[in-house]
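Report on the following structure.
A note on names: the letters A, B, ... follow the listed sequences, proteins ahead of strands, and every chain is numbered from 1. For clarity, every value in this text was computed on a predicted model and none was experimentally measured.
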There are 2 protein chains.
Amino acid sequence: MTSIRQSPKQPEVLRRKLLACTAQLAAEQGINAVTIQAVAAAAGVTKGGLFHHFPSKEKLIEAVFRDQIEQFDGAIEALLADDADTHGCFSRAYINVVLQLSDNPLIAQSLSVISDTALCQIWSDWLRDRLTRHQATDASIELEVIRYAADGYWLADLWKVDSAIRQEREILRLHLINATMKAP
Amino acid sequence: MTSIRQSPKQPEVLRRKLLACTAQLAAEQGINAVTIQAVAAAAGVTKGGLFHHFPSKEKLIEAVFRDQIEQFDGAIEALLADDADTHGCFSRAYINVVLQLSDNPLIAQSLSVISDTALCQIWSDWLRDRLTRHQATDASIELEVIRYAADGYWLADLWKVDSAIRQEREILRLHLINATMKAP
DNA sequence: ATACACATACCGCGCGGTAGGTATGTTGAC
DNA sequence: GTCAACATACCTACCGCGCGGTATGTGTAT
């Protein structure tokens, strides 16, 4: 049988494509739709090709999760570059990034809903690390409330609640952004 | 072969036990551990027995989800009985119930993290219904923020973030309760 | 010639689901 | 009160399929 292999790509390219396809599949069709073969097919590759980059499905999911957090962290760092060492700078950046996640459908952060213990640990570790790192510029309790509210806002987006109460959500969002700028 | 069937139970009893076992299994071992056989075994019954009560796994999960929402709704209604027709009464009740969920490990609300479209719709429908029902006693935007913050608080609990920043969470929680009482 | 980056072909297992059997409870005619 | 007739509430045994994973082949670049 003649091979229909296309021109070889940079290995890192396919790896990133697999990560993206996994995230997209999870976001659009739910986590149950994320199978090895479905991901491979979406990336235009076979299972063998996928397993060349990731040793197991578990590691693939974990890699996607870490990648999502990395993007999230990068967006926060970018904001922190302009607003560092002020009180509550981390929470402000966090809030702004989270509130923008809904706009940005490309980030399939919805994959985060996987209730896997190991993945929770990764997120928990990241958050604790950032909180302790910025504890010198601690936020006020009012700003912390807004940070938690932003998480709730994101959660409502995950659960497609916005389709029911779209305009109320927009009002709330603007209020959160406004309150964030005022709070210390 | 002699049957080892135990004394027959009320049908509704086993049905509720199956719902409870499914929720517990999902909460303790993750959604991946929820298989038909695992649930049946946990309830001390065979697969055949389970399928007598639920036509498919999908329907079982949905039933568990609806049951959880029903319990959640019941707790809110109980609080509304003492505080009805005041401004923001629904949001106040909602906040108090959500903030108590973390204390109460028995409610395996963590099952809600299933990113299934149909389940999201159930939750979305419930919330929209309650919001429109209580729109005559609309809450202030400040109280709405607290309601979203309560969701975020619950989400942090799901992701086991509390293990890292337990005392900060307790402070925040008290602040949320306090602010809820003050807000209109 | 060697290492890499895939493709091909296959395996075993556990899953959701089904078919049919068997105790137990319930009803109603007499 | 008795007993047939039926419905209920499970159990037993089985099936097919799709999944994650493996072993091995093959084209390409250096």
> CZ of A/Arg15 versus C1' of C/dC6: gap in Å, rounded?
Replying inline: 16 Å
Could you list the donor-acceptor pairs under 3.5 angstrom formed by side chains in residues 177-184 of chain B, with sequence neighbours left out?
from     : atom 1 : to       : atom 2 : distance (Å)
B/Thr180 : OG1    : B/Leu176 : O      : 2.6

>> Run the side-chain hydrogen bond (donor to acceptor under 3.5 Å, both in side chains) test against A/Tyr148 and tell me which residues pass, sequence neighbours left out.
In response: none
> In whole angstroms, how far is the C1' atom of D/dC10 from the CZ atom of B/Phe54?
Replying inline: 14 Å
> Hey, is the side chain of B/His52 poking within less than 4.0 Å of OP1 or OP2 on D/dA9, counting only N and O atoms?
Replying inline: yes
>> In this structure, how many angstroms lie between the P atom of C/dC15 and the CG atom of B/Leu50, rounded?
In response: 14 Å
>> Once side-chain contact (heavy atoms from CB on, under 4.5 Å) is applied, do any residues pair with B/Ile141, and if so which ones, sequence neighbours excluded?
In response: A/Ile171, A/Leu172, A/His175
> Taking NE2 from A/His53 and C1' from C/dA7, how many angstroms apart are they, rounded to a whole number?
Replying inline: 12 Å
Show me the protein contacts with nucleotides 20-23 of chain D, counting only N or O atoms at under 3.5 Å.
from   : atom 1 : to      : atom 2 : distance (Å)
D/dG20 : OP1    : A/Lys57 : NZ     : 2.7
D/dG20 : OP2    : A/Ile36 : N      : 2.8
D/dG20 : N7     : A/Lys47 : NZ     : 3.2
D/dG20 : O6     : A/Lys47 : NZ     : 3.3
D/dG21 : OP2    : A/Lys57 : N      : 2.9
D/dG21 : N7     : A/Lys47 : NZ     : 3.4
D/dG21 : O6     : A/Lys47 : NZ     : 2.4

>> Just to verify, what does B/Glu77 make a side-chain hydrogen bond (donor to acceptor under 3.5 Å, both in side chains) with, not counting sequence neighbours?
In response: B/Arg130
> Can you list the residues that meet the side-chain contact (heavy atoms from CB on, under 4.5 Å) rule with B/Ala75, with sequence neighbours excluded?
Replying inline: B/Val97
>> Among residues at least two apart in sequence or on other chains, which ones pass salt bridge (charged side-chain N to carboxylate O under 4.0 Å, His left out) with A/Asp83?
In response: A/Arg92
>> Checking A/Arg147 now: which residues fulfil salt bridge (charged side-chain N to carboxylate O under 4.0 Å, His left out) with it, not counting sequence neighbours?
In response: A/Glu144
> Can you tell me how far the OG1 atom of B/Thr46 sits from the CD1 atom of B/Ile36, to the nearest 0.5 Å?
Replying inline: 11.5 Å
>> Let me check I have this right: for DNA chain D, each base becomes ., (, ), [, ] or |, based on Watson-Crick or G-U pairs with both distances under 3.5 Å. What is the full string?
In response: ||||||||||||||||||||||||||||||
